[in-house]
Enquirer: 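Quick one: the structure is below, and I'll ask about it shortly.
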Amino acid sequence: MTDIDAGSGISERLRVAVYVFGTDRDDQLLVFDHVDHPDAGVQIPAGGVDPGETLDAAVRREALEECGVQDLDQLRAIGVRRSPQSEVMRLTIYFVARATLDDLPRVHRVSAGDQDQGLLFRCRWAPVDEVELLDDQGGFLALARTALH
């Protein structure tokens, strides 16, 4: 994961997160739950940016690793949030995209990543008006719903 130190002595972790809507469904959001850790909450694809990796590539990699999404369309950044995480600040760039996933719900084994590799995630389309996302992942959801129009 890329750490940033802008001379302030405070390290920031650069992360991405993506709200994925169906190709023709603005009312359905791609989310996942941890099969073996239900207390982890409902989440959207998100994770760290690797050194030298572009933000676009990081979003696509996280969506593939965590949910098996092969193709994201209309990918665009919609917001940035800075939040504390233990001894560093977490800088998350939020994106919105569309995807066609006909075989949901399904259980997906995470394909990479140091912490999540091998975990089972239950990926599904969730009604946007009913989903309660983990932590601050819901912060840009209203904006995401309008950003693709």
Side-chain angles (χ1 to χ4, degrees), residues 1-3 12-86 88-149:
M1 188 172 332
T2 301
D3 288 336
E12 290 186 334
R13 273 183 209 250
L14 184 58
R15 298 175 42 83
V16 293
V18 61
Y19 299 102
V20 179
F21 293 91
T23 299
D24 57 356
R25 297 291 307 265
D26 291 345
D27 62 338
Q28 300 287 312
L29 180 68
L30 176 64
V31 297
F32 67 86
D33 310 284
H34 289 258
V35 171
D36 297 320
H37 305 283
D39 56 319
V42 178
Q43 299 179 46
I44 58 174
V49 177
D50 291 335
E53 186 176 38
T54 67
L55 296 176
D56 181 276
V59 169
R60 293 176 187 282
R61 177 182 49 75
E62 288 295 338
L64 179 62
E65 288 176 2
E66 295 183 350
C67 294
V69 175
Q70 295 287 330
D71 295 306
L72 292 176
D73 295 320
Q74 300 178 36
L75 180 65
R76 68 179 68 150
I78 59 169
V80 178
R81 172 161 285 140
R82 183 177 275 160
S83 57
Q85 180 188 26
S86 32
V88 299
M89 291 297 286
R90 182 168 62 182
L91 182 68
T92 305
I93 296 90
Y94 285 83
F95 289 78
V96 64
R98 291 197 183 277
T100 302
L101 301 170
D102 297 327
D103 59 343
L104 293 178
R106 68 166 178 240
V107 174
H108 175 76
R109 183 173 302 277
V110 178
S111 59
D114 295 336
Q115 296 175 335
D116 294 343
Q117 187 170 4
L119 292 177
L120 295 176
F121 290 168
R122 184 174 295 107
C123 303
R124 58 189 169 87
W125 291 114
V128 174
D129 293 333
E130 298 173 17
V131 71
E132 291 186 33
L133 294 170
L134 174 75
D135 298 329
D136 58 358
Q137 286 189 345
F140 291 104
L141 184 54
L143 177 60
R145 288 186 79 177
T146 61
L148 291 172
H149 298 285

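These numbers were taken from a predicted model, which means no experiment stands behind them. Computed over heavy atoms, backbone and side chain alike; hydrogens, waters and symmetry mates excluded. Counting from 1, the numbers follow the sequence of the chain as shown.
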Enquirer: Could you walk me through whether Ile44 and Val20 pass the side chain to side chain contact (heavy atoms under 4.5 Å, CB included) check?
Expert: CA-CA 8 Å; Ile44 58 174; Val20 179; over 6 Å; no

Enquirer: Mind checking what makes salt bridge (Lys or Arg N to Asp or Glu O under 4.0 Å) contact with Asp56, not counting sequence neighbours?
Expert: Arg60

Enquirer: What distance separates Phe21 CZ from Leu30 CG, expressed to the nearest 0.5 Å?
Expert: 10.5 Å

Enquirer: Show the nearest heavy-atom pair for residues Ala63 and Pro45, with the distance to one decimal.
Expert: CA-CB, 4.0 Å

Enquirer: Taking all atoms of both residues into account, what is the closest heavy-atom pair of His108 and Glu65, and its distance?
Expert: NE2-O, 2.9 Å

Enquirer: Which atoms form the tightest heavy-atom contact between Val96 and Ala144, and what is the distance?
Expert: CG2-O, 3.6 Å

Enquirer: Scan for salt bridge (charged side-chain N to carboxylate O under 4.0 Å, His left out) pairs involving residues 26-40, sequence neighbours excluded, and state none if there are none.
Expert: Arg25-Asp27, Asp26-Arg98, Asp33-Arg124

Enquirer: Would you give the length of the straight line joining atom CZ of Arg61 to atom OG1 of Thr54, rounded to the nearest 0.5 angstrom?
Expert: 10.0 Å

Enquirer: Using every non-hydrogen atom in the two residues, find where Leu14 and Leu55 come nearest and quote the distance to one decimal.
Expert: CD2-CD2, 4.2 Å

Enquirer: When you compare the side chain of Val42 with that of Leu133, does any pair of heavy atoms fall below 4.5 Å?
Expert: yes

Enquirer: Apply side chain to side chain contact (heavy atoms under 4.5 Å, CB included) to Leu75 and Val18, showing your working.
Expert: CA-CA 9 Å; Leu75 180 65; Val18 61; 4.3 Å; yes

Enquirer: For the residue pair Leu91 and Val80, establish whether any side-chain heavy-atom pair is separated by less than 4.5 Å.
Expert: yes

Enquirer: Going by side-chain hydrogen bond (donor to acceptor under 3.5 Å, both in side chains), name the residues that satisfy it together with Arg106, two or more places apart in sequence or in a different chain.
Expert: Asp103

Enquirer: Please round to the nearest 0.5 Å and tell me the distance separating atom CD1 of Ile78 and atom CZ of Phe95.
Expert: 9.5 Å

Enquirer: Is any side-chain heavy atom of Arg90 less than 4.5 Å from a side-chain heavy atom of Pro84?
Expert: no

Enquirer: Determine, stepwise, if the pair Glu66 / Phe32 fulfils side chain to side chain contact (heavy atoms under 4.5 Å, CB included).
Expert: CA-CA 8 Å; Glu66 295 183 350; Phe32 67 86; 3.5 Å; yes

Enquirer: Roughly how far apart are Thr100 OG1 and Asp71 CG, rounded to 0.5 Å?
Expert: 8.5 Å

Enquirer: Looking at Tyr94 and Arg81, what are the two nearest heavy atoms and their distance?
Expert: CE1-CB, 4.0 Å

Enquirer: Could you check whether any side-chain N or O of Tyr19 sits under 3.5 Å from a backbone N or O of Phe140, counting only pairs where one atom can act as donor and the other as acceptor?
Expert: yes

Enquirer: Under the side chain to side chain contact (heavy atoms under 4.5 Å, CB included) criterion, do Leu141 and Val131 qualify, and how do the steps go?
Expert: CA-CA 10 Å; Leu141 184 54; Val131 71; 4.0 Å; yes

Enquirer: To the nearest 0.5 Å, what is the distance between CG on Asp129 and CZ on Arg145?
Expert: 4.5 Å

Enquirer: Atom CZ of Arg15 and atom CD of Glu62: how far apart are they, to the nearest 0.5 Å?
Expert: 7.5 Å

